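Structure first, commentary second.
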Amino acid sequence: MIIKPFKLERYYTLYEFSAEYSICNSDCEAMTIKDLLSLEEGSVDKFHDLHLGYTETKGHPELRRDISTIYTTISSEDLMVCTGAQEPIYLFSQGVLNAEDEVIVQSPCYQSLASVPESLGCKVLNWMVKYIDEKPTFDLDELKNMITEKTKVIYLNTPHNPTGFHFSKEEQLAIVEIARAKNILIFCDEVYRELEHHPDYQIPSFADAYENGVAVGVMSKSYGLPGLRIGWVATRNKAVIEKMAIMKEYTTICNSAPSEFLAGVALRNRSTILARNLEIIHTNLPHYESFFERHADLFSWYQPNAGPIAFVKMKFDSDDMLFAEKALQEKKVLLLPGGIYDYNGFFRVGFGRKKMIESLLKFEEFIVENKIAK
Ligand SMILES: Cc1ncc(COP(=O)(O)O)c(C=O)c1O
């Protein structure tokens, strides 16, 4: 198998831990094991008594029960616990696709959604974002017209990385109808789900909305616990989950027992954790709003209604990759340039972490000192 290097993960590998400031992270503020365990009485002793043997390939039955409470039609039998969200993305494509298949990928995208099918020899068609009045949109007629007899999967991501776009319930229904008419699988990366900025923007998981919907969830983003490396796949399509389980025996076999335990504690207290993370987002967003108001001549942004990230358009003539490199060199501020997504002229910002306000001020220093801003 020949697979392209993962541009975004390469970039983070190189710079994430050396940058002093970052305005681009996509995860919410993390917490310590101590703070997490304090959410549930008796959990410290249970954690210390945990047996460190192998766990079940599909995940501990209690954890699967906890995960199933996020969904309306998904039972613990319809779930497999995985390592982060990256593993189920990989296992799904490896398990389900053949070289002659075609897939459609909502784009620009988190690269593995497109690169894994491509590495298997599949034809990958990009369902590209269209900016209308500075707002990202995805044209449903265009999606319909991209489908052929060979289309096996539509890959979606909502709330979307990097644009911050989130489908409405009506758009979701229309996409499900398009897929159902041709018996196409929908694979939806839902790692930013449950971080809707207002309950009106919540939509069902694609695993609930469609019998052939395959949804990926994770502890990393909305819950701010990426160090657990616990994610999962949810689907009522039994054949898909079996194919993925067979693949998993070649990757990680099973999950980390301590992480499964801690993920269970977090999920049983998920309303507390989500409320904390949404509060951070609501504290940070006004700072971006006023920043982009102050610098409306330089940047335009679509303020998302869900998730912890947005995509910012650069209105001045500059290579986004060089611009990010300079910000890092001069002020140790990490940006995520659009070139990482093969979508130039933009950069991604994040607002799920507490240090963002300080980092944004550093970034402002950078644009003022470089006379980009007046
Ligand atoms: C859309 C999307 N999917 C999947 C992942 C991978 O998540 P994890 O780090 O939990 O494997 C990311 C991480 O940035 C992401 O943004």
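Counting starts at 1 for both ligands and their atoms, following the listed order. Starting from 1, each residue takes its place in the sequence as its number. Keep in mind the model is a prediction, meaning the values are calculated, not measured.
Ring geometry for Phe167 against Phe206 counts as perpendicular: the plane angle is over 60°, on a 0 to 90° scale with 30° as the lower cut. Ring pair His197/Phe351 is perpendicular by interplanar angle, where above 60° counts as perpendicular and below 30° as parallel.
Looking at heavy atoms from C-beta onward, Phe165 lies out of side-chain contact with Val129 at the 4.5 angstrom threshold.
For the pair Asn98 (side chain) and Asp101 (backbone), a donor-acceptor distance under 3.5 Å is absent.
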Could you pull out the N/O contacts under 3.5 angstrom between ligand 1 and the surrounding protein atoms?
from, atom 1, to, atom 2, distance (Å)
ligand 1, 3 (N), Asp189, OD2, 2.5
ligand 1, 9 (O), Arg229, NH1, 3.3
ligand 1, 9 (O), Arg229, NH2, 3.4
ligand 1, 10 (O), Ala85, N, 3.2
ligand 1, 10 (O), Ser220, OG, 2.6
ligand 1, 10 (O), Arg229, NH1, 3.4
ligand 1, 11 (O), Ala85, N, 2.9
ligand 1, 11 (O), Gln86, N, 3.0
ligand 1, 11 (O), Arg229, NH2, 3.0
ligand 1, 14 (O), Lys221, NZ, 2.7
ligand 1, 16 (O), Asn161, ND2, 2.8
ligand 1, 16 (O), Tyr192, OH, 2.6

The test is side-chain contact (heavy atoms from CB on, under 4.5 Å); show your working for Leu37 and Lys46 and say whether it passes.
CA-CA 10 Å; Leu37 292 177; Lys46 280 192 195 155; over 6 Å; no
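Taking the centre and axis of the six-membered ring of Tyr21, the NZ or CZ atom of Lys355 falls inside the cone set by 45° and 6.0 Å.
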